[in-house]
Amino acid sequence: MASILVLYFILFSTLFSSLNGKFSEQFPLAISTKRMEKMTRLNFYFHDVLSGSSPTAILIAGPSSKMANKFGSTFMIDDPLTEGPEPTSKLVGRAQGMYSLASQHDIGLLMVMDFAFVEGMYNGSTLSILGRNPVLNTVREMPIVGGSGLFRYARGYALARTVSADQKTGNAVVEYNISVVHF
Ligand SMILES: *[C@@H]1O[C@H](CO)[C@@H](O)[C@H](O)[C@H]1NC(C)=O
Ligand SMILES: *[C@@H]1O[C@H](CO)[C@@H](O)[C@H](O)[C@H]1NC(C)=O
């Protein structure tokens, strides 16, 4: 009974503070001890190749290719993910999906992609990313919204940092650090 009163207090105090214009509030949810959750951290490099005879990212919608880097430009990607920063480094997966220039005020991409892993026990498992990527920032954070296989019920975040970017071709290598909680 006492705990129900406490719960009511928490619920109503949250409600009132939001009515007072407070933007956010956090409070603990019930802690489940039924299943052990795991935390996984991953580190790999993403290779986005726009130039040459076999690009891994192609413009599929938006302004004409002469103005490829304009609001609305949308690229379909199938980018290799490797263990190290060199393109010849061991393949651990592929980033498959799309990104679009979604900001009219700065360079901000909307990323919608799956990381499809091929390495070791992760072979066949995926992680799904949906988030904003302000590419000129040194480190960008994007949400991991789900996963499959070993990553069922995944949630977490990715930190991305550009290692190299060719101004002329647009080719880029990006380091990703992933932290996910899953079953
Ligand atoms: C990953 O799994 C696929 C399909 O089961 C298999 O063909 C492939 O050889 C595996 N790759 C690695 C690196 O284990
Ligand atoms: C990823 O983690 C490594 C090791 O902790 C660190 O050196 C690197 O700066 C991190 N990169 C990003 C993009 O967070």
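Computation of the quantities below employed the complete heavy-atom set of this structure, encompassing side-chain atoms and omitting hydrogens, waters and symmetry-equivalent molecules.
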Restricting to non-hydrogen atoms, name the atom on [X] and the atom on [Y] that form the minimum distance, rounded to 0.1 Å.
X	Y	result
Ala116	Thr126	CA-CG2, 4.1 Å
Thr82	Pro87	CG2-O, 4.1 Å
Pro85	His47	O-CE1, 3.1 Å
Ala57	Asp48	CB-OD1, 3.3 Å
Lys70	Leu101	O-CB, 3.6 Å
Gly72	Pro63	C-CD, 3.9 Å

Determine, using the 4.5 Å side-chain heavy-atom cutoff (strictly less than), whether [X] and [Y] are members of one ILVMFWY cluster.
X	Y	result
Tyr45	Val92	no
Phe44	Met121	yes
Leu109	Val49	no

Determine whether [X] and [Y] make a side-chain contact, defined as any pair of heavy atoms from C-beta on separated by less than 4.5 Å.
X	Y	value
Leu130	Met113	no
Val118	Leu91	yes
Ile129	Phe115	yes
Phe117	Leu42	yes
Tyr176	Met142	yes
Phe46	Ile77	yes
Leu127	Asp114	no
Thr169	Leu50	no

Working to the nearest 0.5 angstrom, can you tell me the gap between [X] [atom1] and [Y] [atom2]?
X	Y	atom1	atom2	answer
Leu110	Ser100	CG	OG	5.5 Å
Met76	Leu59	CE	CG	12.5 Å
Ser103	Arg132	OG	CZ	5.0 Å

Applying ring-ring contact (aromatic ring centres under 6.0 Å, His included), can you list everything that pairs with [X], at least two apart in sequence or on another chain?
X	value
Tyr99	Phe75
His182	Phe151
Tyr157	none

With a 3.5 Å distance limit and no angle check, can you tell me whether [X] reaches the backbone of [Y] through a side-chain donor-acceptor pair?
X	Y	answer
Ser125	Leu150	yes
Asn43	Ile178	no
Ser89	Gly84	yes
Asp78	Thr56	no

I'd like to check the side chain to side chain donor-acceptor pair (under 3.5 Å) partners of Arg140; sequence neighbours left out, ordered by chain and number.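 Expected list: Asn133, Thr162.
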
Residues forming a side chain to side chain donor-acceptor pair (under 3.5 Å) with Glu83, sequence neighbours excluded: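 Expected list: none.
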
Would you say OH of Tyr153 has more than 12 non-hydrogen atoms from neighbouring residues, nucleotides or ligands within 6.0 angstrom? no

Residue Leu136 excluded, over 12 heavy atoms near CG under 6.0 Å: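 Above 12, so yes.
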
Salt bridge (Lys or Arg N to Asp or Glu O under 4.0 Å) partners of Arg152, counting only residues at least two apart: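 With neighbours one apart ignored, the set is empty.
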
Just do the salt bridge (charged side-chain N to carboxylate O under 4.0 Å, His left out) check on Lys90 and Glu119 with the steps written out, would you? CA-CA 9 Å; Lys90 186 179 187 188; Glu119 168 59 18; 3.0 Å; yes

